[in-house]
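Report on one structure; see the data block that follows.
Quick caveat: nothing in here was measured; it's all calculated off a predicted structure. The chains referred to below are lettered A, B, ... by the order of the sequence lines, with proteins before strands, and numbering in each begins at 1.
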Protein chains: 2
Amino acid sequence: MIRISKKVEYALMALKFISQSDNKLVTAREISDTKKIPYDLLSKILQKLKNENILLSNQGTNGGYSLNKRTDEIYLFNLMNMLDGDIALADCMHETKEKECSLEDSCSIKSEVAKLQKEVEDVFKNKTISDFV
Amino acid sequence: MIRISKKVEYALMALKFISQSDNKLVTAREISDTKKIPYDLLSKILQKLKNENILLSNQGTNGGYSLNKRTDEIYLFNLMNMLDGDIALADCMHETKEKECSLEDSCSIKSEVAKLQKEVEDVFKNKTISDFV
DNA sequence: TCAAATAGGACTATATTAGTCCAAATTAGA
DNA sequence: TCTAATTTGGACTAATATAGTCCTATTTGA
Ligand code: SF4
Ligand code: SF4
């Protein structure tokens, strides 16, 4: 089964929401309430996006988040990598050799899986947040 | 994280193996041994493929499996559906309404996710086993 | 000083995927 | 007719990944 994670969905909704609140700071609570996204989880996601320089944050009262990039500069592929880690169609395909496949020696489909991975990746590399706004 | 399952990988290797053993029946044990695939799991996969009319089976001594379709008639997309169930990028995208998304009312990205799903699906719909042989 | 907000670690719960175990039915051949 | 090789198939367990929660600290404007 092939899925995009809830984290990524929540991030997409949040980024869309922020991009449509022109320049006004947006709080996690606001997004959570209007979009019915679990507050704590959303907070984590926004913090992550801030650390990845997708968002700017202001702490304290009247704080909140704002975009740090244009929507067409934020690629879905990167977003997925940030939130879910290395996107790999199979164990042997991770950039970082974090996972190894015990079948690598006897595997007869590796090069074809690699080709497939490239094609799927391209779909996500060709989408930016602006496609969602 | 986006992955193709081990089941599908094992199925691909098995189908490739069978397609290259021209006409001779191939046993699950043979494939399991040469490809280092867990025997019980592989058995289940082959049985499934037999029930889906991808393979023919002969029981008993000297039994085994053979292809029931040309390799270019077996689509990766269908294979994935058979083995992993409905391929859906998000909860709301299942053909059968087996899953519901509680955010469906407030969701602002559904149509874009649908577009994305179509693009990813097309990648898998355009691959057949012959691409792996 | 207080309340609203981000920051972030640690934890729990749930779902999915992967793998195992066991017993039955089928069949060729000795 | 017995036996071993094989498919068949249900039930179960283990491992992993995803989703969600809890708690506490820090920042900051009023
Ligand atoms: S089975 Fe082959 S394609 Fe799959 S992860 Fe292992 S080496 Fe890669
Ligand atoms: S959040 Fe939106 S896109 Fe995702 S599953 Fe729910 S309705 Fe579908």
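For the pair Ile45(B) CD1 and dG19(C) P, the computed distance is 9 Å after rounding to whole Å. In this structure, Leu46(B) atom CG and dT8(D) atom P are separated by 9 Å, rounded to whole Å. The separation between Arg3(B) atom CZ and dA15(D) atom C1' is 13 Å, rounded to whole Å. In this structure, CG of Leu25(B) is placed 13 Å from C1' of dT27(C), rounded to the nearest angstrom. In this structure, Ile54(B) atom CD1 and dT7(D) atom C1' are separated by 18 Å, rounded to whole Å. The distance from atom CD1 of Ile2(A) to atom P of dT16(C) is 15 Å, rounded to the nearest whole Å. Here dA18(C) presents its C1' atom at 15 Å from CD1 of Ile4(B), a figure rounded to the nearest Å. The interatomic distance linking Gln59(A) (CD) with dT26(D) (P) rounds to 11 Å, in whole Å.
Contact between the side-chain N/O atoms of Lys7(A) and the OP1/OP2 oxygens of dT18(D) is not found at any separation under 4.0 Å. For the OP1/OP2 pair of dT6(C) and a distance below 4.0 Å, the side-chain nitrogens and oxygens of Tyr39(A) include at least one atom meeting the criterion.
A chain of hydrophobic side-chain contacts below 4.5 Å, direct or via other Ile, Leu, Val, Met, Phe, Trp or Tyr residues, connects Phe17(B) to Leu49(B). Hydrophobic clustering (ILVMFWY, side-chain heavy atoms < 4.5 Å, transitive): Phe124(A) and Met82(A) are in one cluster.
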Pairs: protein N or O with nucleotides 10-13 of chain D N or O, under 3.5 Å:
residue, atom, partner, partner atom, Å
dG10(D), O6, Lys44(B), NZ, 2.4

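Each of Asp40(A) and Asn62(A) has a nearest nucleotide on DNA chain D; the 5'-most of these lies closest to Asp40(A). Residues Arg29(A) and Gly60(B) both approach DNA chain C. Their nearest nucleotides, taken by heavy-atom distance, put Arg29(A) toward the 5′ side.
Distances were taken from every side-chain heavy atom of Leu41(B) (C-beta onward) to each of dA7(C), dG19(C), dT8(D); the shortest belongs to dG19(C). Out of dT20(C), dA3(C), dG20(D), the shortest distance to the side chain of Thr61(A) is found at dA3(C). In this structure, of dT8(D), dA4(C), dG8(C), it is dG8(C) that holds the atom nearest to the side chain of Asn51(A). Comparing dA7(C), dT8(D), dG19(C) by their closest approach to the side chain of Ser57(B) singles out dT8(D). Among the nucleotides dA18(C), dA19(D), dT8(D), the one closest to any side-chain atom of Tyr65(B) is dT8(D). The side chain of Gln47(B) lies closest to dG9(D) when the candidates are dT20(C), dT6(D), dG9(D).
Remark: Lys125(A) is positioned above the aromatic ring of Phe77(A), its terminal NZ or CZ atom under 6.0 angstrom from the ring centre and at most 45 degrees off the axis.
Using a 4.0 Å heavy-atom cutoff across all strands shown, Tyr10(B) reaches sugar-phosphate atoms only and no base atom. As judged by a 4.0 angstrom heavy-atom cut-off over every strand, Asn58(A) is placed among residues touching the sugar-phosphate backbone only.
The two atoms that bring Leu67(B) and Leu15(B) nearest to each other are CD2-CD2, 3.8 Å, heavy atoms only. Summarising the geometry of Pro38(A) relative to Tyr10(A), their closest heavy-atom pair is CD-OH, 3.9 Å, with the distance given to 0.1 Å.
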*Evaluate salt bridge (Lys or Arg N to Asp or Glu O under 4.0 Å) for Glu112(B) paired with Lys115(B), printing each intermediate quantity in order.*
CA-CA 5 Å; Glu112(B) 291 85 355; Lys115(B) 214 177 296 172; over 6 Å; no
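A donor and an acceptor atom, one from each side chain of Ser5(B) and Asp84(B), are located under 3.5 Å apart.
Formation of a donor-acceptor pair under 3.5 Å by the Thr27(A) side chain with backbone atoms of Glu30(A) is found in this model.
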